[in-house]
Visitor: 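Here's a structure for you.
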Amino acid sequence: MPQRKAPCGTYSAYKRHLRNKEKVDAKCRAAQRKHDGTRSTSATARAARAAKPKTPATPPATIELPAPAPSTARTEVVSRLDVLKELLEQQRLLLPTLRQEEPARAYLLMREQRETLREIDEIQNAGASKGATLADQLAEARAARAARAAGA
Ligand SMILES: [Zn+2]
């Protein structure tokens, strides 16, 4: 069973220092020089190689980022929605103060709030209907035709 951690003064330890971004001490520096000079024929180098831990030299450096949103149109809708929601939140926060200090403006703000809400609703419904299937639309058309037929 190979030793997991090579002691200082071995080439393995030298490489471990590099891997761990540790300061290479004199003993390990000497071991590295010896390793390079003798091209690994010494017993020390063979022992060091035998003791080499089976960990990968470099850990995976990159973290996979989530793929960007596939369509820009969808992103625009989302960001517009975000802006409107933020606006609504601001209106919500402002309303109590306005109600006390300027009731007339509070009334206007409430109407504005309703507008914002409706716009949010429209965007959300637009997003939903974009996903609505053709079958839904056909069913609707069929229902309309049936209603007309029943009326005639
Ligand atoms: Zn060392």
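In listed order, ligands and their atoms are each counted from 1.
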Visitor: Indicate if the distance from the Zn ion (ligand 1) to the nearest N, O or S atom of D25 falls below 2.8 Å.
Guide: yes

Visitor: Out of the N/O/S atoms in H17, what is the name of the one closest to the Zn ion (ligand 1)?
Guide: NE2

Visitor: Does a sphere of radius 6.0 Å around CD in E86 hold more than 12 heavy atoms from other residues, nucleotides or ligands, not counting ones at 6.0 Å or beyond?
Guide: no

Visitor: Any chance you could measure K85, atom NZ, to Q90, atom CD, to the nearest 0.5 Å?
Guide: 15.0 Å

Visitor: Mark yes when over 12 heavy atoms from residues, nucleotides or ligands other than E140 sit less than 6.0 Å from its CD; otherwise mark no.
Guide: no

Visitor: Would you say C28 and K15 make side-chain contact, with heavy atoms under 4.5 Å?
Guide: no

Visitor: Kindly report the SG-the Zn ion (ligand 1)-SG angle for C8 and C28 respectively, rounded to 10°.
Guide: 120°

